[in-house]
Amino acid sequence: MTHLSPISRAACIGGGVIGGGWIARFLLAGIDVTVFDPHPEAQRIVGEVLANAERAYGLLTNAPLPPRGQLRFCASLAEAVADAEWVQESVPERLDLKRRVLAQIDAAAPPDALLGSSTSGLKPSDLQEGLAHPERLFVAHPYNPVYLLPLVEIVGGQATAPATIARAKTVLDAIGMKGVVIAREIEAFVGDRLLEALWREALWLIKDDICDVETLDDVIRYSFGLRWAQMGLFQTYRIAGGEAGMRHFLAQFGPCLQWPWTKLTDVVDLDETLVEKIGAQSDAQAAGLSIRELERIRDENLVGIVQALKAGNGGEGWGAGRLLADFERRLQAKAEPAIAIDVEAPLALVETRVSPAWIDYNGHMTEHRYLQVFGDATDALLRLIGVDLAYVEGGHSYYTVETHLRHLGEAKLGETLRATCQILASDDKRLHLFHRLFAGPDGREIATAEHMLLHVDTHAGRATPAPAELLSRLAPLAGAHARLPAPPAAGRAVGQKRAPLAATA
Ligand SMILES: NC(=O)C1=CN([C@@H]2O[C@H](COP(=O)(O)OP(=O)(O)OC[C@H]3O[C@@H](n4cnc5c(N)ncnc54)[C@H](O)[C@@H]3O)[C@@H](O)[C@H]2O)C=CC1
Ligand SMILES: C[N+](C)(C)CC(=O)CC(=O)[O-]
């Protein structure tokens with residue numbers, strides 16, 4: 001795998017909720033990370049976040065991720081940042097503390113290192129005061145969990161160089177995140193300005209006993225929370241305006257903003273009574289689940305949502321799902337073409353894991369996901385012989401015209417899967433494949449699939465001979481596989497004999 005990101009070394013200062021998420025995001029993108037956090041349990045906490053992040057990534061994508069970066073905890077801030085190309089500050093949200101820590105980073109990091117702050121709302125110009133190199137400081141405001149949610153608000157201060165913003169965006173985009181540049185600095189930027197308004201109203205609703213925390217969360221997650229994940233606010237409201245669209249929506253619902261529908265900017269007093277009231281309701285809502293357990297449930301749900309968005313828009317992908325699909329394509333393109341291929345054995349082409357969205361009501365991987373993994377194995381073989389995106393865009397491809405799938409065993413959530421492929425036969429138009437699927441550490445065989453593919457001219461919509469160059473890449477593989485024993489199940493049909501119909505009275 002060639003390098004995914006333009007940087008290979010990052011330093012994270014602060015390894016709590018957000019610092020831990022950044023550490024995981026960088027490491028999983030193949031970037032080495034040094035960490036400084038004086039908390040006595042920082043290594044345990046980061047280790048637990050990283051374990052959850054790796055689990056979530058395993059469920060999220062089958063694409064060939066780069067080898068995980070190296071993680072090193074440092075005894076001092078200066079040691080952590082000494083060699084970094086990107087330093088991410090994630091210490092608690094206090095201006096005095098952040099200024100002190102940023103000044104230490106500024107003094108010890110290479111002068112051209114990027115310096116991002118995770119602050120949720122402090123203005124970057126306020127953070128730049130007193131720095132020797134304020135031009136490399138910017139806000140990189142992420143969303144929790146940083147390893148799954150792609151958005152980072154990039155906000156420059158008065159002294160931030162435009163090149164800093166451009167470099168930051170390039171790095172974030174390269175590691176699968178969505179760097180959005182906010183045009184002007186304001187407190188809380190865009191995301192938290194919206195979230196704070198919602199949160200303020202929510203606190204009033206609890207204080208005034210309009211509902212409890214569980215009811216409030218239900219109102220969000222069964223309705224507009226689902227909408228927001230895929231279309232945000234304005235596009236959702238455009239549709240809600242009916243055929244007359246946004247202008248009608250504004251005319252109808254704009255005046256409501258003047259009505260007493262909200263407490264507007266009144267901030268509730270978070271006194272001891274209200275804190276205890278919310279704390280107790282929240283404990284009851286959690287029903288004994290620990291934070292780490294809740295994180296895993298959240299992560300599985302987010303993975304499912306992003307994967308659903310990847311399949312949205314007629315398979316083109318939509319929003320965060322489209323971003324993931326693009327990222328996976330880049331990962332595929334960067335993967336080494338000949339992944340330790342041994343032509344004297346069936347090719348091991350796909351390694352993946354059973355995702356939450358793949359589980360059915362029987363509690364195991366559902367039937368069509370078997371075909372998905374076999375399809376991925378076919379795609380991997382095709383890429384190996386040169387049928388990549390450019391080839392397909394050029395008007396030729398292989399289409400599968402027949403499949404026979406045998407289910408031999410179950411696969412459970414999170415289990416590793418490995419698919420192999422043997423070429424049974426090929427000529428200038430046809431490609432006859434036999435795949436086997438193995439699960440778990442014991443590598444038990446859980447399925448086989450036999451496919452016939454035809455080389456097609458996609459514009460004409462009919463089979464056509466593959467070009468000589470492609471056939472020359474296929475020939476050595478097909479020749480070697482012809483010397484392997486034929487799998488006993490090859491050529492089998494769905495062969496159960498039909499019982500004679502019972503005579504009816
Ligand atoms: N928690 C959240 O949902 C989000 C938080 N943020 C921002 O991220 C930043 C960090 O917040 P959290 O991770 O939630 O806080 P946290 O309390 O979970 O973590 C802060 C970490 O910083 C460490 N720390 C304290 N002083 C330090 C120092 N001098 N040098 C190095 N490490 C030090 C602490 O030991 C702790 O591990 C804040 O600016 C916050 O606004 C941004 C997005 C979301
Ligand atoms: C509550 N918060 C202000 C720290 C939230 C954020 O900054 C973003 C998020 O993850 O919701």
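Side chains included, hydrogens not; waters and symmetry mates left out as well; all remaining heavy atoms used.
Look at E415 and R444 and you find a salt bridge, because one of the NZ, NE, NH1 or NH2 atoms lies within 4.0 Å of a carboxylate O, short of that distance. Salt bridge present: R136 and D106 bring a charged side-chain N and a carboxylate O closer than 4.0 Å. Using a 4.0 Å cut-off between charged side-chain N and carboxylate O, D326 and R329 make a salt bridge. The pair E79-R72 counts as a salt bridge, with a side-chain nitrogen and a carboxylate oxygen less than 4.0 angstrom apart. Between R9 and D83 a salt bridge is recorded (basic side-chain N to carboxylate O distance below 4.0 Å). With respect to E185 and K123, no salt bridge is recorded, no charged nitrogen being found less than 4.0 Å from a carboxylate O.
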*Under the salt bridge (charged side-chain N to carboxylate O under 4.0 Å, His left out) criterion, do D173 and K169 qualify, and how do the steps go?*
CA-CA 6 Å; D173 292 353; K169 186 162 162 46; 3.1 Å; yes

_side chain to side chain donor-acceptor pair (under 3.5 Å) evaluation trace for H141 with T119_ = CA-CA 6 Å; H141 177 236; T119 178; over 6 Å; no

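Other residues, nucleotides and ligands place no more than 12 heavy atoms under 6.0 Å from the CZ atom of R184. No more than 12 heavy atoms of other residues, nucleotides or ligands shown are found within 6.0 angstrom of OH on Y237. Annotation for E293: atom CD counts as buried by contact number, over 12 foreign heavy atoms lying within 6.0 Å.
Defined by atom type and a distance below 3.5 Å, a donor-acceptor pair is present between the side-chain atoms of Q372 and R369. No side-chain N or O of T400 forms a donor-acceptor pair with one of H451 less than 3.5 Å apart. N52 and R296 share a donor-acceptor pair across their side chains, judged by distance under 3.5 Å alone. Between the side chains of H39 and E41, not a single donor N or O lies within less than 3.5 Å of an accepting N or O. Side chains of W199 and E201: a donor-acceptor N/O pair is absent below 3.5 angstrom, by distance only. At a cut-off of 3.5 Å, with distance as the only test, a side-chain donor of S118 or Q88 sits close to an acceptor on the other residue. A donor atom on one side chain and an acceptor atom on the other are not found under 3.5 Å apart for T236 and R227. Side-chain atoms of E153 and Y143 form a donor-acceptor pair, as typed in the model, at a separation below 3.5 Å. With hydrogens and angles left out, the side-chain atoms of T215 and D212 include a donor and acceptor closer than 3.5 Å. Looking at T378 and H435, their side chains do bring a donor and an acceptor atom within 3.5 Å of each other.
Between Y370 and H407, the two ring planes are perpendicular [angle over 60°; tilted spans 30° to 60°]. Using the six-membered ring where Trp is involved, W22 and W86 have ring planes that are tilted, between 30° and 60° apart.
Within the 4.5 Å cutoff, the side chain of L413 has heavy atoms near those of the E300 side chain. In this structure, the side chains of K98 and E93 come closer than 4.5 Å at one or more pairs of heavy atoms. Between N144 and I18 there is a side-chain heavy-atom pair separated by less than 4.5 Å. Side-chain contact check for L417 versus W358: some heavy-atom pair is nearer than 4.5 Å. Looking only at side-chain heavy atoms (C-beta outward), I206 and C211 come within less than 4.5 Å of each other. Contact of the I175 side chain with the R25 side chain is registered, since non-hydrogen atoms from C-beta on lie closer than 4.5 Å.
C421 SG to L382 CG: the interatomic distance, rounded to the nearest 0.5 Å, is 9.0 Å. Rounded to the nearest 0.5 Å, atoms CG (L226) and CD1 (I220) are 11.0 Å apart. Annotation: the span from E276 atom CD to D271 atom CG amounts to 11.5 Å, rounded to 0.5 Å. Note that CG of L102 is 6.0 Å distant from CG of L131, once rounded to the nearest 0.5 Å. In this structure, CG in D269 is found 11.5 Å from CG in D266, a value given to the nearest 0.5 Å.
A cation-pi arrangement, defined by a distance under 6.0 Å to the six-membered ring centre and an angle within 45 degrees of its axis, is present between R418 and F438.
N313 places no side-chain N or O within donor-acceptor distance of the main-chain N or O of W318, the cut-off being under 3.5 Å. With E196 contributing its side chain and R193 its backbone, the two residues share no donor-acceptor pair below 3.5 Å.
Aromatic pair F234/W228: centroids not less than 6.0 angstrom apart.
Among all heavy-atom pairs drawn from D217 and Q285, the shortest one is OD2-NE2, 2.9 Å.
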